[in-house]
Amino acid sequence: MRVIPNKRAYTRPEPTSRSLDFRRSRKKKDYSRLWHFLILAAEILAVAAAAYLIIESFATQVTMTEDSMEPQIGVSDSLLIDKVTYKLKAPEAGDVVAFLPSGNLSGRYSIKRVIAVPGQTVVIKSGIVYVNNKAYTAPAETTSIDDAGLASNTITLGKDEYFVLGDNRDVSEDSRYQSIGNVLRSQIKGKIWFDVTAKNFGVVD
């Protein structure tokens, strides 16, 4: 007797629960890897952004191009600017600041010491600086003043005006001269706080 083969159409077997579980676990695993990658990328970006903000706020470097702040700051010294402090409070007498004088087209910072602040008076007599009629004592070593310039007559500082001098007085172009004059707060870009040059390495007083 001849056996007639079963001609029923072939049907693909249904996937077992085990195969379905494997596919689901593989998808979960793939998503897990993607999630970890995104977290790592976000952490790297956060660290990079934080580093940039710190450098931009406290570690922008400027180079001293003149000898007006010797002996504490020498020519070609690399200095760090604090750009944050003056967003929170006003410059104070004794601070060493970086500013852009009016009409400065080179974009080079001028670096001087604040001697007097808004509302105060300044006059230089016999080489001595008087602020509000009291002799000013600088926090760092300075040279004598032979040329009082504009400060030979009493100067009263207006709102947001600052009177600045270089520590090396006789070679400094500062508020005594028309080319600089009183410095506006808007011209002050930050406080010089650290000298990274080997010879003068340390905090700037």
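In what follows, every heavy atom counts, from backbone to side chain, and hydrogens, waters and symmetry copies are set aside.
Applying the side-chain hydrogen bond (donor to acceptor under 3.5 Å, both in side chains) criterion to Q72, with sequence neighbours excluded, gives no partner residue. By the side-chain hydrogen bond (donor to acceptor under 3.5 Å, both in side chains) test, Q61 is found to be paired with no residue, residues two or more places apart in sequence or in another chain being considered. For T63, the side-chain hydrogen bond (donor to acceptor under 3.5 Å, both in side chains) criterion is met by no residue, not counting sequence neighbours.
The side-chain heavy atoms of V123 and N153, taken from C-beta on, include no pair separated by under 4.5 Å. Contact check for P91 versus R185: side-chain heavy atoms found under the 4.5 Å cut-off. Side chains of D95 and Y86 form a contact here, defined as non-hydrogen atoms less than 4.5 Å apart. Inter-residue side-chain proximity for V203 and F194 is flagged as met; some heavy-atom pair is nearer than 4.5 Å. With contacts defined as side-chain heavy-atom distances shorter than 4.5 Å, the pair W193/T85 does not qualify. Residues V96 and I111 have side chains in contact (heavy-atom distance under 4.5 Å, counting atoms from C-beta outward). The shortest distance between side-chain heavy atoms of V97 and Y162 does not fall below 4.5 Å. You'll find the side chain of T60 reaches within 4.5 Å of the side chain of K83, heavy atoms only.
Salt bridge E66/K112: present, at least one basic N to carboxylate O contact under 4.0 Å.
Linking Ile, Leu, Val, Met, Phe, Trp and Tyr residues whenever their side-chain heavy atoms come within less than 4.5 Å places L80 and F201 in a single cluster. Residue Y130 is not grouped with residue V114 when hydrophobic side chains (ILVMFWY) are merged at heavy-atom distances under 4.5 angstrom, including chains of intermediate members.
Between the OG atom of S78 and the CD1 atom of I73 there is a distance of 11.5 Å, given to the nearest 0.5 Å. Distance check, rounded to the nearest 0.5 Å: OG1 of T156 to CG of N132 gives 9.0 Å.
Pairs passing the salt bridge (charged side-chain N to carboxylate O under 4.0 Å, His left out) check and including a residue from residues 144-169, sequence neighbours excluded, read R113-D167. Sorted by first and then second residue, the salt bridge (charged side-chain N to carboxylate O under 4.0 Å, His left out) pairs involving residues 192-205 (not counting sequence neighbours) form an empty list.
Partner of E173 under the side-chain hydrogen bond (donor to acceptor under 3.5 Å, both in side chains) criterion, chosen from S68, S110, S179: S179.
Taking Ile, Leu, Val, Met, Phe, Trp and Tyr as members and joining any whose side-chain heavy atoms lie under 4.5 Å apart, directly or through other members, the hydrophobic cluster of V129 also contains I115, V122, I124, V131, Y136, I145, L150, I155, L157, F163, L165.
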